[in-house]
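Whatever order the structure lists ligands and atoms in, that order sets their numbers, starting from 1. Just so it is clear, the model here is predicted, and its values are computed rather than measured.
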Amino acid sequence: MKIKSVRARVFEWKGKTVPPQGNFCSNAMDLVYKNPASQHAAGKDTMNTFRFHQWTVVEVETDDGIVGLGNVALAPRIAKAIIDEYLAPLVVGQDPWDYEYLNQRMYRATHAWGRKGVGMAAISAVDIAIWDILGKSVDKPVFKLLGGRTKEKIPCYYSKLYRTDLKEMQKEAETYLKQGFRAFKMRFGYGPQHLQQGVVENLKSVEAVREVIGYDNDLMLECYMGWNVEYARRILPKLEKFQPRWLEEPVVADDIDGYAELNALTSIPISGGEHEFSLYGFKQLLDRKAVSVVQYDTNRVGGITMAHKINALCEAYSVPVIPHAGQMHNYHLTMSSLNCPMSEYFPMFDVEVGNELFYYIFEGEPVAQDGFLQLDDDKPGLGLTLRTDYLQQFNIIE
Ligand SMILES: O=C(O)C(=O)C[C@@H](O)CO
Ligand SMILES: [Mg+2]
């Protein structure tokens, strides 16, 4: 079997989107003041540069007609250009079963500029499509090629609770508590630039959610790189009483020493990894004890080939892996490793930040039942197909 072609298309959502609400989500751009001289990169809402209403879909076809589906959501147009220009020529004519060779070929050929960020995300999309082909070619789900079923079903956590009105957040938590979720991730809305009032607001929001879900359910806290070490040093001790399962991405991904200091500071585990890339990136995080939970995203980190290696590395360090965002490319890694205790889960919503877009492009994503997800032993490959019913709401760039 040989790879015959690689097709990368950018799906640009032109449908309805939910406008920014409240303080939504602290993030890295919060620490950059709005310069009146020019349009702030994030426009009105600082989360703007992190919203992604496009997705690049990759279809790798073999000479015997198998089509593998891959995807990338970071800088989709740039990722498409990288795939068209650099990656496709490296894999066309090759045997998809040589997936380690092909992953290394793409990683090394683009190493001068692509070892972090969108270069690795583009490689991820091609690699995911290759694994879809492998599963389809032997009529097995991808997780069966990675180690098989390690769980009867996958526990998942409800992930949203962006910082809007506290009563709204409590209603949202109540709704999903009633749907059987036993773990919840909420977002802070305030950071250093909001001074002590912001600290008070952050603590109030955690208290409000804890009031609804109680203390016999997991609560995770998301900062999305919106703090700095000084601010985190001040607020973390105040958060311990809420017993969070982890606090996520307090500072920018490059501040590994900052992560390590905060991870050792209190009883609250620090998590991260959705903005880290390659096996070596995670070795660095583990060697420096920067995180207590690893959260790579398989469509960013270097694909299934790379994520599978990182799963093994994290197991050796006894650091659990709970991949970012849910989505099928991550669920197969979680199902196939005992060191992956649960998955993140965004139910299908109106398009807001962009994580939801996956549901509007792909058919086959599992729907959580009572806080669990199931993968099908008899669905070959990733178990995804392209939807047609929302196609009208996308601009598609070939
Ligand atoms: O789901 C996450 O962990 C993310 O970082 C998504 C982003 O929307 C902010 O939470
Ligand atoms: Mg996150």
Side-chain angles (χ1 to χ4, degrees), residues 13 17-30 42 45-55 72-75 117 121 156-164 169 172 176 181 183-191 202 205-206 209 218-227 232 244-253 255 259 262 268-277 285 290-301 320-327 329-331 334 340 342-359 365 368 373:
W13 180 251
T17 58
V18 178
Q21 311 142 65
N23 272 52
F24 201 73
C25 180
S26 62
N27 65 79
M29 277 301 284
D30 282 345
D45 91 289
T46 60
M47 191 66 186
N48 190 33
T49 49
F50 302 107
R51 280 177 213 290
F52 41 99
H53 292 161
Q54 310 84 25
W55 215 290
V72 46
L74 287 186
C156 63
Y157 69 89
Y158 172 75
S159 184
K160 204 163 176 288
L161 290 168
Y162 285 95
R163 179 60 205 261
T164 53
M169 288 177 77
E172 182 185 345
Y176 288 91
F181 285 93
F184 299 78
K185 183 155 86 180
M186 63 177 284
R187 272 73 181 174
F188 286 114
Y190 299 85
N202 281 335
S205 63
V206 183
V209 175
D218 276 335
L219 179 60
M220 289 75 97
L221 307 175
E222 166 77 273
C223 313
Y224 204 63
M225 310 171 283
W227 295 354
R245 177 156 175 181
W246 71 70
L247 182 130
E248 185 167 329
E249 288 206 305
V251 295
V252 289
D255 187 1
Y259 265 88
L262 298 174
I268 301 174
I270 299 298
S271 73
E274 67 180 89
H275 296 109
E276 191 45 79
F277 305 86
L285 289 182
V291 292
S292 298
V293 179
V294 157
Q295 299 172 302
Y296 62 65
D297 195 323
T298 304
N299 75 356
R300 301 179 177 180
V301 74
V321 176
I322 302 177
H324 166 255
Q327 294 157 18
H329 45 269
N330 289 309
Y331 294 148
T334 301
C340 298
M342 71 187 323
S343 284
E344 181 167 10
Y345 181 76
F346 287 91
M348 185 168 182
F349 283 103
D350 287 345
V351 176
E352 188 175 50
V353 174
N355 303 297
E356 316 80 9
L357 262 185
F358 201 84
Y359 287 107
E365 275 284 278
L373 296 166

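- For Tyr224 and His275, the gap between ring centers is short of 6.0 Å.
- In this structure, Arg51 is positioned above the aromatic face of Phe24, its NZ or CZ under 6.0 Å from the six-membered ring centre and within 45° of the axis.
- Of all heavy-atom pairs spanning Met220 and Ala183, the tightest one is CE-CB, 4.0 Å.
- Smallest separation of non-hydrogen atoms from Pro250 and Tyr259: CD-CE2, 3.8 Å.
- Put simply, the side chain of Asp30 never gets that close to the backbone of Ala28: no donor and acceptor are under 3.5 Å apart.
- For Glu352, the salt bridge (charged side-chain N to carboxylate O under 4.0 Å, His left out) partners at least two apart in sequence or on another chain are Lys160.
- Among protein atoms, those of element N, O or S found less than 2.8 Å away from the Mg ion (ligand 2) are Glu222 OE2, Glu248 OE2, Glu274 OE1.
- Scored by the ring pair (Phe, Tyr, Trp, His ring centres under 6.0 Å) test, Trp246 finds Tyr157 as partners (sequence neighbours excluded).
- Enumerated by chain and number, the residues approaching ligand 1 to less than 4.0 Å through a heavy atom are Tyr162, Lys185, Arg187, Glu222, Tyr224, Glu248, Glu274, His324, Glu344, Phe346, Val353, Asn355.
- Two residues are said to be in side-chain contact when any heavy atoms from C-beta on lie closer than 4.5 Å; Glu248 and Leu221 fail this criterion.
- Taking the six-membered ring for Trp and the full ring otherwise, the centers of Tyr345 and Tyr158 sit at least 6.0 Å from each other.
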